Amino acid sequence: MNDNSFYEKVYEVVRLVPYGRVTSYGAIAKYLGAARSSRLVGWAMNVSHQVHPPVPAHRVVNRLGMLSGKAHFEDPEAMERQLTAEGIEILNDQIQQFSTVFWDPEKELGL
DNA sequence: ACAATGACTGAAT
DNA sequence: AATTCAGCCATTG
């Protein structure tokens, strides 16, 4: 994987997600100019465990604010725990007040 | 070079 | 309104 690969871009954006905020796969994909490559973002996250530096994958959820990828973590409970530690309220694997904690790269960073 | 994969998303039923 | 279907596309075997 080259540093210029699509994955690397994804990691870069994910690292930009502020503390206590989350974003969605689609938002990242769209920000990267590949709005329909949301799956690739998820795939990138799957590999993010072996990537350096570490990527805050726990801050990335699907567009509904559901912890769809928690099962892919070393410890599925860790994702939920970390988000909670950042002040994000989670119930039944779903982020509460998602609209409030949602962080849209396009909106926050600007196009 | 071809086929398969997938932590998604939006449209169709 | 809820659930199912199909497209999507970079990476990998």
Side-chain angles (χ1 to χ4, degrees):
Chain A
M1 322 195 174
N2 300 338
D3 295 321
N4 294 336
S5 66
F6 183 84
Y7 286 6
E8 181 57 33
K9 290 182 180 179
V10 175
Y11 304 142
E12 199 168 333
V13 177
V14 176
R15 291 196 208 97
L16 291 177
V17 180
Y19 181 94
R21 299 294 195 94
V22 295
T23 190
S24 70
Y25 304 93
I28 295 172
K30 195 175 184 216
Y31 179 73
L32 294 178
R36 300 191 172 147
S37 302
S38 49
R39 299 184 153 200
L40 289 311
V41 177
W43 217 309
M45 292 294 94
N46 193 25
V47 188
S48 67
H49 286 288
Q50 65 184 11
V51 182
H52 170 75
V55 179
H58 62 278
R59 293 186 188 150
V60 184
V61 297
N62 65 5
R63 76 180 191 86
L64 299 177
M66 180 161 58
L67 308 188
S68 50
K70 74 165 195 172
H72 292 260
F73 280 75
E74 300 178 24
D75 296 328
E77 299 176 357
M79 183 177 188
E80 192 171 326
R81 194 187 321 127
Q82 288 188 76
L83 288 173
T84 302
E86 296 189 2
I88 298 177
E89 190 176 355
I90 299 178
L91 178 61
N92 194 14
D93 295 341
Q94 188 173 325
I95 297 179
Q96 305 302 303
Q97 303 176 359
F98 180 57
S99 305
T100 304
V101 297
F102 180 72
W103 183 81
D104 187 350
E106 283 191 354
K107 235 176 171 180
E108 304 296 333
L109 297 177
L111 281 178

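A note on names: the letters A, B, ... follow the listed sequences, proteins ahead of strands, and every chain is numbered from 1. Every value quoted in this text rests on a predicted model; they were computed, and no experiment measured them.
- Closest to the side chain of A/Leu40, out of C/dT11, B/dG6, B/dT9, is B/dG6.
- Atom-to-atom, CG of A/Asp75 to P of B/dA7 comes out at 18 Å; the value is rounded to the nearest Å.
- Spacing between atom CD of A/Glu80 and atom P of B/dA7 amounts to 19 Å, rounded to whole angstrom units.
- Looking at every heavy atom in both residues, A/Val13 comes nearest to A/Trp103 through O-CZ3, 4.2 Å.
- Ranking B/dA7, C/dT11, C/dC9 by closeness to the A/Ala57 side chain, first place goes to B/dA7.
- Side-chain nitrogen and oxygen atoms of A/Arg36 include none within less than 4.0 Å of the OP1 or OP2 phosphate oxygen of C/dA10.
- Nucleic acid contact class of A/Asn62 (heavy atoms, under 4.0 Å, all strands): sugar-phosphate only.
- Protein atom OH of A/Tyr11 is 10 Å distant from nucleotide atom P of C/dT11, rounded to whole Å.
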> After noting the C-alpha distance and the side-chain angles of A/Leu91 and A/Gln94, does the key distance pass the side-chain contact (heavy atoms from CB on, under 4.5 Å) rule?
Replying inline: CA-CA 5 Å; A/Leu91 178 61; A/Gln94 188 173 325; 6.0 Å; no

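- Residue A/Val55 comes nearest to A/Met45 through the heavy atom pair CG1-CE, 4.2 Å, listed as atom of the first residue, atom of the second, then distance.
- A residue-by-residue look at A/Ser38 and A/Trp43 shows that A/Ser38 has its nearest nucleotide of DNA chain C further toward the 5' end.
- In the set C/dT11, B/dG6, B/dA7, B/dA7 carries the atom at the smallest distance from any side-chain atom of A/Phe73.
- Contact of the A/Ile95 side chain with the A/Leu67 side chain is registered, since non-hydrogen atoms from C-beta on lie closer than 4.5 Å.
- A/His49 comes within contact range of at least one nucleobase, with a heavy-atom separation under 4.0 Å.
- Here the P atom of nucleotide C/dA10 and the CD atom of A/Glu8 are 17 Å apart, to the nearest Å.
- Between the C1' atom of C/dC9 and the NZ atom of A/Lys9 lies a distance of 14 Å, rounded to the nearest Å.
- Partner A/Trp43 forms a side chain to side chain contact (heavy atoms under 4.5 Å, CB included) with one of A/Tyr25, A/Phe6, A/Tyr7 and no other, that one being A/Tyr7.
- Across the protein-nucleic acid pair, A/Lys30 atom NZ and B/dG10 atom P stand 10 Å apart, rounded to whole Å.
- The nearest whole Å value for the distance from the OH atom in A/Tyr25 to the P atom in B/dT9 is 8 Å.
- When the nucleotides B/dA7, B/dG10, C/dA10 are ranked by their closest atom to the side chain of A/Phe6, C/dA10 comes out on top.
- Closest approach to the A/Asn46 side chain among B/dA7, B/dG6, B/dT9 is made by B/dA7 (side chain taken as heavy atoms from C-beta onward).
- The distance between atom CD1 of A/Ile28 and atom C1' of B/dT9, rounded to the nearest whole Å, is 14 Å.
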